[in-house]
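Below, chain A is the first sequence line, B the second, and so on; all start at residue 1.
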Amino acid sequence: LFRMENGSLPPKTEGFVSRMALNDNKAGMEGLDRDKINKIIMETSKGSKFYENELKREQQVNQRIEMMLQKEQITEQQLKKAQAQVERMVAELEESRDLTRAIVHVDMDAFYAAVEMRDCPELKDKPMAVGSMSMLSTSNYLARKYGVRAAMPGFIAKKLCPHLVIVPTNFDKYRAVSNEIREIFTDYDPGFMPVSLDEAYLDFTEHVEKRQSWPESLRTRRYRASTTTTGEESGKLAQEAAPGTPDLSPVLFEDSPSSSSNSEDAGDAFEIFGTSVEEAVREMRFRIEQKTMLTASAGIAPNMMLAKVCSDKNKPNGQYRLPPTREAVMEFVCDLPVRKVSGVGKVSEKLLSALGISSCSHLGQKMALLSLLFSETSWHHFLQVSLGLGSAFIPRHEERKSMSTERTFKEMSAVEEQLSLCHELCEDLANDLKKEGLKGKTVTLKLKNVNFEVKTRALTLPYPVATADEIFTVAKDLLKTERDNESPQPLRLRLMGVRVSAFVSSDHKKPLQRSIVGFLNSGRGESGSSQRAKQQHLKENSQLSSSSQIWPLGCQRARAKRLQLQAAAASTTQQAGLGTSPPPVSGKTDASGRCPDGGSPALVCPICLLSQDDDDLGMFNRHVDLCLN
DNA sequence: TACATACAC
DNA sequence: GATGGTGTATGTA
């Protein structure tokens, strides 16, 4: 069972850097001439600093593989023991398998490219990509046929496809479209989780439940401006239908059926969607197309990991539902290439492939071995994947943990130039931090030299910083240290970046918010999205979502009161946190970090509504937690 | 905490 | 001529 296929798996061509080869596991990349494309990529890259660095990284990975294969000499004894442990864990995980949720992953098709094509008809029948000569963000399906894809530099793409049109990015435009589709998402799951501008996870479970008892009119989508709409949605729908003729969406892929052409065939003035999840998702995609003239693909599955894979299955402009049965899931996962799973990238793929693992079923077969070769978190993740398990609920949006800005430029070696750039970065970063009212204690400087070698240097202060000068004071010091380190050689840089992390303000507010939100929702049952709460979604104006009906009036008042208390407590908290001000101690705080004026206001527990004598926030939070339990 | 790596988009 | 920017997680020291 073990120690059989030793190593010989990756077909190694001499001097071939597999890290740089075409990634053809994305949609629209089937059946093209890989070898020819890779040859062009390699020829164009060969000899560049970038290439040399990639070669180095490749060798590092190869070394890791060697070390791993040495460890593979494992006694039967050990393996048996590991196998037993794996089996125990499998049983445990099986126990917890949840097939009751309908998780949806939506993904706009060739998003940036599609937006540009929509707004510039000239582009519709041309291979095009969005980005620059240095880097492409995405490409349309016509360009993909030439091997042109996201994360490829434009000058290489041009070699692959000389007629390629490269359009610069218009982030503001993409953001605007993103907001439009997110409005639609909210109607199906107000707690949806955005992944990026064009991608999101939604929990459709509750929507589908409600949908069963809806009148047909609520499931009717008009796409002719002429018809009058009925019901509470009329305004919205009329607006969405306003763009009129449905055949304006850019044709992304010649062979792909477009829902627009379907509607033309039907020749009807409206369409009624059914009550199933699939119909609901179809409806959502239809509304997206009506509103933005862009198409989306979607995957429906019992958990996030599977939904993500499913959304890729019928891309572009398609959807796929994986039935919520153990059998269907296991069959689906069996032949699934590990690389398709989110979280498994180039390196993991290569490591696994060295062990003879390329599909998820292999993953399951070799789990005992994997448990001995990989870290606990890694093999636990592999195990879950091999069983088709993933998160069946969509986690609440997390607070951000860091904020950074970085820039690439032509070689820069002069100290003064580097310093002024560093200062500029600090200013930009301080600006961004200000927008979110953040202060952090850790400043990290990132440097990349002309050989593409990356270094980070960090310093954690005893107090939080936020202004450009505060950050710069630290960053320039880190830069100086690094310069001294390399001297007398100058730092020949091609990139510099500054990051601030270890935030304090949110750190204090967060646990409290969580507790209160948890309390407010505790009456609504335990499952999935109902547990999540984003204040923004509690606003009442959405027709489809139930948010305005969730709270009985009395309850709303209580909620308002508690939120008030929460705010008060939070501001108290921030004051208490002033002990962390920077050195020239401000006159407003004394050494203990207490507010000198008026003493410390008593904290009130939002649950039991009793004043807490202790004004220590930690104690207070523990009290709230006790109350919640 | 510091740093490097892997990963996603 | 030319290979990005932003953010998270994790392993290790």
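- Using cut-offs of 30° and 60° for the angle between ring planes, the A:Phe171 and A:Tyr112 rings count as perpendicular.
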| Step-by-step salt bridge (charged side-chain N to carboxylate O under 4.0 Å, His left out) determination, A:Arg19 to A:Glu54 | CA-CA 7 Å; A:Arg19 309 174 44 84; A:Glu54 288 298 290; 2.9 Å; yes
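- The cationic atom of A:Arg182 (NZ for Lys, CZ for Arg) does not lie both less than 6.0 Å from the six-membered ring centre of A:Phe185 and within 45° of the ring axis.
- Rounding to whole angstrom units, CD of residue A:Glu482 and C1' of B:dA2 are separated by 13 Å.
- Separating the NZ atom of A:Lys340 from the P atom of B:dA8 is a distance of 12 Å, rounded to the nearest angstrom.
- Counting non-hydrogen atoms under 4.0 angstrom, A:Val498 reaches nothing in the nucleic acid.
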| query | Which letters describe nucleotides 4-10 of chain C, given B = protein heavy atom under 4.0 Å from base, S = only from sugar-phosphate, - = neither? | reply | BSBSSSS
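- Not one side-chain nitrogen or oxygen of A:Arg64 sits closer than 4.0 Å to the OP1 or OP2 atom of B:dT5.
- Listed nucleotides B:dC7, B:dA2, C:dT3 differ in distance to A:Thr460; the shortest reach to its side chain belongs to B:dA2.
- Among the heavy atoms of the strands lying under 4.0 Å from A:Lys346 are primed sugar atoms or P, OP1, OP2 only; no base atom is included.
- The CG-C1' distance, from A:Leu478 to B:dA2, rounds to 11 Å in whole Å.
- Side-chain proximity of A:Ser45 to C:dT3, B:dA6, B:dC3: nearest is C:dT3.
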Can you list, pair by pair, the side-chain donor-acceptor contacts under 3.5 Å of residues 149-162 of chain A, counting residues two or more places apart and other chains?
unit_1   : atom_1 : unit_2   : atom_2 : d
A:Arg149 : NH1    : A:Asn23  : O      : 2.7
A:Lys158 : NZ     : A:Leu164 : O      : 2.8

Donor-acceptor contacts under 3.5 Å from residues 34-41 of chain A side chains, at least two apart:
unit_1  : atom_1 : unit_2  : atom_2 : d
A:Arg34 : NH1    : A:Asp24 : OD1    : 3.3
A:Arg34 : NH1    : A:Asp24 : OD2    : 3.2
A:Asn38 : OD1    : A:Leu22 : N      : 2.8
A:Asn38 : ND2    : A:Arg34 : O      : 3.4

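- Atoms CG (A:Leu373) and P (C:dG11) sit 15 Å apart, rounded to a whole Å.
- Each of A:Val61 and A:Val195 was matched to the nucleotide of DNA chain B holding its nearest heavy atom; the match closer to the 5' end belongs to A:Val61.
- Between A:Glu376 and A:Ile41, the residue whose closest nucleotide on DNA chain C is further toward the 5' end is A:Ile41.
- Rounded to whole Å, the separation between the P atoms of C:dT3 and B:dA8 comes to 23 Å.
- Residue contacts shown for A:Lys455 are limited to sugar-phosphate atoms, with no base heavy atom under 4.0 Å away.
- At whole-Å resolution of the value, CG in A:Asn53 and C1' in C:dT3 are 11 Å apart.
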| request: Take A:Thr405 and A:Asp428 through the test side-chain hydrogen bond (donor to acceptor under 3.5 Å, both in side chains) and record every step on the way to the result. | output: CA-CA 7 Å; A:Thr405 181; A:Asp428 292 354; 5.0 Å; no
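- Computed from coordinates, the A:Glu58 CD to B:dT5 P distance equals 15 Å when rounded to whole Å.
- Residue whose closest nucleotide on DNA chain B sits further toward the 5' end, between A:Gln60 and A:Ser196: A:Gln60.
- Nearest to the side-chain atoms of A:Ser342 among the listed nucleotides B:dA4, B:dA8, C:dT3 stands B:dA8.
- In this structure, A:Glu54 reaches neither bases nor backbone, as no heavy-atom distance under 4.0 Å exists between it and the strands shown.
- Residue A:Arg339 contributes atom CZ, which lies 9 Å from atom C1' of B:dC7 at whole-angstrom precision.
- Two rings, from A:Phe374 and A:Phe382, have their centers less than 6.0 Å apart.
- In this structure, CD1 of A:Ile65 is placed 16 Å from P of B:dT5, rounded to the nearest angstrom.
- Contact between A:Leu32 and A:Gly147 at its shortest, heavy atoms only, is CD2-N, 3.9 Å.
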